[in-house]
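Before anything else, here's the structure in question.
Chain naming here is simple, since letters A, B, ... match the order of the sequence lines and numbering starts at 1 in each. Everything numeric in this text was worked out from a predicted model, so none of it was measured. Reckoned from all heavy atoms, side chains included, excluding hydrogens, waters and symmetry mates.
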Amino acid sequence: MLTIPFIRANSEITIQGLTKKHVANASEIVHQLIAMDDQRKSLLQQAESALEISNAAAKEIGSLMQSGQKELAEGKRAETAALKGTIKEKEEAAKAAEKQMFDLLVTLPNLPHSSVPEGKTAEENEIVLTWGSLPSMQADAQPHWDLIKKYDIIDFDLGNKITGAGFPVYKGKGARLQRALINFFLDEAIKVGYYEIQPPILINEDSGFGTGQLPDKEGQMYVTKEEGLFLIPTAEVPITNLYRDVIVNEKELPIKNVGHTPCFRREAGSWGAHVRGLNRLHQFDKIEIVQIHKPETSYQALEEMSLHVQALLQKLNLHYRVLRLCGGDMGFASALTYDMEVWSGAQNRWLEVSSVSNFETFQANRLKLRTKVEGKSILCHTLNGSALALPRIVAALLENNQGPDGIKIPEILVPYTGFTHIN
RNA sequence: AGAGGGGUGUCCGAGUGGUUUAAGGAGCACGCUUGGAAAGCGUGUGUAGGUCUCAAGCUUACCGAGGGUUCGAAUCCCUUCCCCUCUACCA
């Protein structure tokens, strides 16, 4: 969430940023917000000055009562009783004005970093770099949804029976490959200084608000009926919310956490072509890295996180490219996002396997996540990224490494899988 | 799940309607003292908002959260969350 003091002090920058993110009527909205804030302040002042008088009178009544001057006290009491109505009225009006302002403010996305390219759709994302080369595929190369059947390692029909579409069952070497990837990704993160967290995978409403899923995106999350808890769409939510309402000691920064969790997404309305097999699921596993920084080091951290994700892809020998997302394709809360896409040899297309973002103070403002610098409390910067999400990595590994003697497991994973081929 | 007891500042902890302007202690910071340290002494020590060119000052709110009663609420009432003990259940 953007802060009102920032918007007031940088209204032109705010309007430009919102426009880059394709918010309609950015200028009107910003001016409306400032007007709402003016109104809020004025009402608050009126309420507070009435309260000041009433507080003073109440104190006076107290000392009059103690010294036994009952009649004087009674007189005062009648006087201040009249103030009650005004106070209540002004307080309620101030609260209403604040809520109105807040409701508008939460609908605004984060402002994009200056390096974010203009653009509306995925086609306008900037290709930062491409690594590796197209895998050499045999003529009869099969897409992963055929391979998983051929080797009987991932079963959509069984998932369908026990849960529903988009909930596959991993079996035998399929299950073991999953477990190998999870351990590999966690170990690699720990090697470069991340601290492992195993969070709950259900979260409450406050947490959903803290990282920006709520309000507005509840339709994308599963909810429990009795408690109203949400199944997490990503480990970003619980791991970042660990620091909700926290003033972090400056010496503890930067914080680098990693966690593996299943992720649950309803993906309402996003089914269609290109989502066969493992390309899009309701439940999948992901290893997430989260960092918390002082503002001046956050962009350096974003580059470091991007390099970490790239190192994983290189170790798995996957042909990939890095995109800098354009204003229209970026997430709601992000200031700058890199997407990593791997080449899927049999589908002949790029698959998004990671998204690494700097949220600057956007989440921190919602979370009230601060640190103290020279006695003053300032909002931290939060960052996160997938390192990595499993299903599309599995899809690419299966497709790109298929051969006459089965699917070859990358060297680096063999100690984790305990086998060299799926056949 | 049932019965009972709790939630107060960075921490411990007092506080059952009115100088609470949240006692007292610990911790922390600074100063004095010291050859240095400890002890001792002194001072300071939260968050958010408003006012203000800045600072100081003044002011409002905050005792788990939300609402209510009252001239006045940490204190009384209601709702809710969390913790502890016992019982039941369970992995």
- prompt: In the structure shown, which nucleotide is the Watson-Crick or G-U wobble counterpart of B:rC11, with both distances under 3.5 Å?
  reply: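 B:rG25 - that is the nucleotide pairing with B:rC11, both distances being under 3.5 Å.
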message: Can you classify the ring geometry of A:F184 versus A:Y416 as parallel (below 30°), tilted (30 to 60°) or perpendicular (above 60°)?
response: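 Judged by the thresholds at 30° and 60°, the geometry between A:F184 and A:Y416 is perpendicular.
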message: Strictly by Watson-Crick or wobble contacts shorter than 3.5 Å, is anything paired with B:rU33, and which nucleotide is it?
response: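 B:rU33 is unpaired by these criteria.
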message: Rounded to whole Å, please give me the gap between CZ in A:F102 and C1' in B:rA48.
response: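 After rounding, the gap between these two atoms is 15 Å.
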- prompt: Listed by chain and number, what are the ring pair (Phe, Tyr, Trp, His ring centres under 6.0 Å) partners of A:F264, not counting sequence neighbours?
  reply: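 For A:F264 there are no ring pair (Phe, Tyr, Trp, His ring centres under 6.0 Å) partners, ignoring immediate neighbours.
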query: Does any nucleotide pair with B:rG57 by Watson-Crick or G-U wobble geometry, both distances under 3.5 Å, and what is it?
result: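 Pairing partner: B:rU51.
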- prompt: How far, in whole Å, is B:rU20 from B:rU79 if one measures between their P atoms?
  reply: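 Per the computed distance, 33 Å lies between those P atoms.
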message: If you count every heavy atom of other residues, nucleotides or ligands that lies below 6.0 Å from A:E411 atom CD, does the total exceed 12?
response: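 Result for CD/A:E411: open.
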query: What does B:rA73 pair with, Watson-Crick or G-U, if both distances are under 3.5 Å?
result: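 B:rA73 is unpaired by these criteria.
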task: Taking atom P in both B:rU33 and B:rA38, compute the distance separating them and give it to the nearest angstrom.
output: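 Taking atom P in both B:rU33 and B:rA38, they lie 15 Å apart.
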message: Partner lookup for B:rG4, please. Criteria are Watson-Crick or G-U wobble with both distances under 3.5 angstrom; report none if nothing qualifies.
response: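 Answer to the pairing question: B:rC84, which forms a Watson-Crick or G-U pair with B:rG4.
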task: Answer yes or no: are there more than 12 heavy-atom neighbours, outside A:R179 itself, under 6.0 Å from its atom CZ?
output: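 Not buried by this count: 12 neighbours or fewer within 6.0 Å.
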query: Between A:K149 and A:D146, is the closest basic N to carboxylate O distance under 4.0 Å?
result: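 Result for this pair is no, no salt bridge flagged.
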query: Watson-Crick or G-U wobble partner for B:rA39, using a 3.5 Å limit on both distances?
result: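 Across all strands, not a single nucleotide pairs with B:rA39.
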query: For A:S377, which contact category applies under a 4.0 Å heavy-atom criterion: base, sugar-phosphate, or nothing?
result: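 Sugar-phosphate, no base atom in range.
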- prompt: Base, backbone or nothing for each nucleotide of nucleotides 60-84 of chain B, written B, S, -, heavy atoms under 4.0 angstrom, 5' to 3'?
  reply: BS-----S--BBS------------
message: Is the phosphate of B:rU47 approached by A:K372 (side-chain N or O, under 4.0 Å from OP1 or OP2)?
response: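 Yes, A:K372 has a side-chain N/O under 4.0 Å of OP1/OP2 on B:rU47.
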message: Counting neighbours of CD on A:E250 that are heavy atoms of other residues, nucleotides or ligands and sit closer than 6.0 Å, is the number greater than 12?
response: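 It does: A:E250 CD has more than 12 such atoms within range.
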message: Can you tell me the base-pairing partner of B:rU79? Count Watson-Crick or G-U wobble geometry only, both distances below 3.5 Å, and say none if there is no partner.
response: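 Partner of B:rU79: B:rA65.
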query: Taking atom P in both B:rU8 and B:rC84, what distance in whole Å separates the two?
result: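 One P to the other, the span is 14 Å.
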task: Provide the distance between the two C1' atoms, one in B:rC71 and one in B:rC63, to the nearest whole Å.
output: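 Pairwise C1' distance, B:rC71 against B:rC63, rounds to 22 Å.
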- prompt: What are the residues of residues 36-45 of chain A, sorted by number, that bring a heavy atom to within less than 4.0 Å of RNA chain B?
  reply: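 Correct list: A:R40, A:K41, A:L44, A:Q45.
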field: Of all pairs that satisfy ring pair (Phe, Tyr, Trp, His ring centres under 6.0 Å), the ones with a partner from residues 362-384 of chain A, not counting sequence neighbours
entry: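 Residue pairs with at least one partner in residues 362-384 of chain A: A:F332-A:F362.
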message: With a 4.0 Å cut-off on N to O distance, would you call A:K191 and A:D187 a salt bridge?
response: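 A salt bridge is absent here (no side-chain N lies under 4.0 Å from a carboxylate O).
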Residues forming a ring pair (Phe, Tyr, Trp, His ring centres under 6.0 Å) with A:Y320, sequence neighbours excluded: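 Result, ring pair (Phe, Tyr, Trp, His ring centres under 6.0 Å) vs A:Y320: A:W131.
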field: Residue-level proximity of residues 3-10 of chain A to RNA chain B when a heavy atom falls under 4.0 Å
entry: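 Residues of residues 3-10 of chain A that come under 4.0 Å of RNA chain B do not exist, since none gets that close.
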